[in-house]
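Here is the structure we will look at.
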Amino acid sequence: VYTYERCCEAPAAPAEVPPWGLACVERDVVLRHAGNYAIFTDMSTHGHAGCFQNNCKVTDKFNAADPGICARLCDQLEGCTHWTFGHQDAASKCFLRNGDGGREAAYGWISGAKECKPPPLP
């Protein structure tokens with residue numbers, strides 16, 4: 001059973017807002033699937049664990065080491081308009097969304113629009 005607690009458990013430490021996101025990251029906001037907003041696509045090149053039903057080839061989430069990974073992937077995906085980074089099932093997760101209609105308050109999560117991303121890698 002999927003519950004709010006499973007989705008958005010209180011992390012041991014909240015996700016840090018990176019310097020590149022100070023002007024655009026929303027704190028304590030999770031963007032949930034809510035039946036409409038998930039992007040199910042192949043994320044196996046970016047994540048190998050923590051995917052929906054353990055299938056990283058058709059997923060809307062994956063384990064990510066930091067929010068920059070999440071934001072960069074959203075920027076690369078045509079249908080992605082928003083990303084969320086936080087803790088779920090004792091891991092740091094990235095959720096990719098096609099809108100922000102699944103918005104909920106959730107301590108320790110951070111979210112941003114597609115334009116909110118780190119500079120390109122060298």
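Just so you know, residue 1 is the first one in the sequence shown, and it goes up from there.
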| note | From the list Trp83, Tyr37, Phe62, Trp109, ring pair (Phe, Tyr, Trp, His ring centres under 6.0 Å) partner of Phe95 resolves to Trp109

| task | Starting at CG of Asn55, measure out to OG1 of Thr59 and round the result to the nearest 0.5 Å. | result | 7.5 Å

| request: Give the minimum heavy-atom separation between Glu78 and Lys114, together with the two atoms involved. | output: O-NZ, 3.8 Å

| said: Show the nearest heavy-atom pair for residues Pro67 and Glu16, with the distance to one decimal. | reply: CG-O, 4.1 Å

| query | Taking C-beta and beyond as the side chain, do Ile110 and Pro18 meet within less than 4.5 Å on heavy atoms? | reply | yes

| request: Evaluate whether atom CD of Gln76 has more than 12 neighbouring non-hydrogen atoms of other residues, nucleotides or ligands under 6.0 angstrom away. | output: yes

| field | Value rounded to 0.5 Å, distance of NZ in Lys117 from CG in Asp75 | value | 4.0 Å

| request: Could you pull out the closest heavy-atom pair between Cys94 and Leu96, with the gap in Å? | output: SG-CD2, 3.6 Å

| task | To the nearest 0.5 Å, tell me how far Lys57 NZ sits from Cys51 SG. | result | 10.5 Å

| said: For Ala91, is there any backbone N or O sitting under 3.5 Å from a side-chain donor or acceptor partner on Asp89? | reply: no

| Approximate separation, where rounding is to 0.5 Å, of Asn98 CG and His33 NE2 | 9.5 Å

| note | Between Ser111 and Leu31 the two heavy atoms that sit nearest each other are OG-CG, 3.8 Å

| task | Using the side-chain hydrogen bond (donor to acceptor under 3.5 Å, both in side chains) rule, pick out the option among Asn36, Thr81, Asp60 that qualifies with Arg97. | result | Asp60

| Do Ser92 and Asp66 come close enough that some side-chain heavy atom pair is under 4.5 Å? | no

| Minimum side-chain heavy-atom gap Glu104-Val29 below 4.5 Å | no

| request: Of all the heavy-atom pairs spanning Ala64 and Phe85, show the shortest one and how long it is. | output: O-CE1, 3.4 Å

| field | Verify same cluster id: Trp20, Leu73 (apolar side-chain graph, 4.5 Å) | value | yes

| field | Side-chain (Lys93) to main-chain (Lys61) donor-acceptor, under 3.5 angstrom | value | no

| request: Establish whether Met43 and Val58 are linked, either directly or via other cluster members, by ILVMFWY side-chain heavy-atom contacts under 4.5 Å. | output: no

| query | Roughly how far, to the nearest 0.5 Å, is OG1 of Thr84 from CZ of Arg32? | reply | 11.0 Å

| remark: Smallest heavy-atom separation, Ala49 atom then Cys56 atom, equals N-SG, 3.8 Å

